[in-house]
Peer 1: 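Input: one structure, supplied below.
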Amino acid sequence: AQVAWQVTYSRGVMQTLERDDHSAILQIEKWPEPRRAHCLSVLGWMVRAAEISGASQLSWHEECRALGDEACRFSVQWE
């Protein structure tokens with residue numbers, strides 16, 4: 001996700017907060033103005049990347065600064 005972020009965006013940083021064999025928690029940092037559509041787009045490509053990688057039984061949760069959350073954070077779990 002961090003490499004995809006760097007290739008796609010010229011601002012902000014995608015930071016991995018936690019990761020193991022079946023889950024990851026990532027957070028957007030240094031992004032000046034959060035927008036809901038942006039967070040949904042990022043979540044979409046994260047979920048699709050997991051599917052393409054062979055993950056099944058995906059579940060996810062996301063937080064968005066545009067909705068008043070502390071950070072734009074994405075938690076994805078898979079089998």
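These values consider heavy atoms only, across backbone and side chains, with no hydrogens, waters or symmetry-generated copies. Bear in mind that the values here come from a model prediction, so they are computed numbers and not experimental data.
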Peer 1: Angle between ring planes, H38 versus W5, binned at 30° and 60°: parallel, tilted or perpendicular?
Peer 2: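 The rings of H38 and W5 stand perpendicular, inter-plane angle above 60°.
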Peer 1: Going from CD on E62 to CD1 on I28, what distance comes out if it is rounded to the nearest 0.5 angstrom?
Peer 2: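 If I round to the nearest 0.5 Å, the distance is 9.5 Å.
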Peer 1: Hey, does the side chain of D20 reach the backbone of H22 with a donor-acceptor pair shorter than 3.5 angstrom?
Peer 2: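 At least one qualifying donor-acceptor pair exists.
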Peer 1: With rounding to the nearest 0.5 Å, note down the distance linking CZ in R73 to CD in Q15.
Peer 2: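 Output value for this atom pair is 12.0 Å.
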Peer 1: Mark yes or no for whether D69, through its side chain, and C64, through its backbone, hold a donor-acceptor pair below 3.5 Å.
Peer 2: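 Confirmed, D69 side chain pairs with C64 backbone.
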Peer 1: Can you give me the closest heavy-atom contact between R65 and C72, atom names plus distance?
Peer 2: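 Residues R65 and C72, closest heavy atoms: N-SG, 3.4 Å.
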Peer 1: Is there a path of hydrophobic side-chain contacts, each under 4.5 Å between heavy atoms of I/L/V/M/F/W/Y residues, joining V42 to L58?
Peer 2: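 Result: yes, single cluster for both.
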Peer 1: Assess the residue pair C39 and F74 against the criterion (side chain to side chain contact (heavy atoms under 4.5 Å, CB included)); give the C-alpha distance rounded to whole Å, side-chain angles, the decisive distance to 0.1 Å, and a yes or no.
Peer 2: CA-CA 9 Å; C39 282; F74 309 89; 4.2 Å; yes
Peer 1: Nearest 0.5 Å, please: how far is OG in S41 from CE in M46?
Peer 2: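 Between atom CE of M46 and atom OG of S41 there are 11.5 Å.
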Peer 1: Find the distance between CG (L43) and NE2 (H61) and round it off to the nearest 0.5 Å.
Peer 2: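 Atom-to-atom, L43:CG and H61:NE2 are 10.5 Å apart.
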Peer 1: Locate the shortest heavy-atom distance separating R36 from A66; write the atom from each residue and the value.
Peer 2: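 Taking R36 first and A66 second, the nearest heavy atoms are N-CB, 3.7 Å.
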Peer 1: Once you round to the nearest 0.5 Å, how far does CH2 of W78 lie from OG of S56?
Peer 2: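 Answer rounded to 0.5 Å: 11.5 Å.
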Peer 1: With distance as the sole test, does S53 use its side chain to make a donor-acceptor pair with the main-chain N or O of A49 at under 3.5 Å?
Peer 2: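 Present.
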Peer 1: Go through the structure and list residues passing ring-ring contact (aromatic ring centres under 6.0 Å, His included) with W45, not counting sequence neighbours.
Peer 2: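 Applying ring-ring contact (aromatic ring centres under 6.0 Å, His included) to W45 gives none.
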Peer 1: Given side chain to side chain contact (heavy atoms under 4.5 Å, CB included), test I25 with R19 step by step and report yes or no.
Peer 2: CA-CA 6 Å; I25 300 174; R19 187 185 76 182; over 6 Å; no
Peer 1: Please answer: with hydrophobic residues joined when any side-chain heavy atoms are less than 4.5 Å apart, are L26 and Y9 in the same cluster?
Peer 2: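 Looking at the clustering, Y9 is in the same group as L26.
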Peer 1: Test side chain to side chain contact (heavy atoms under 4.5 Å, CB included) on Q77 and W60; report intermediate values, then the result.
Peer 2: CA-CA 6 Å; Q77 296 179 328; W60 56 88; over 6 Å; no
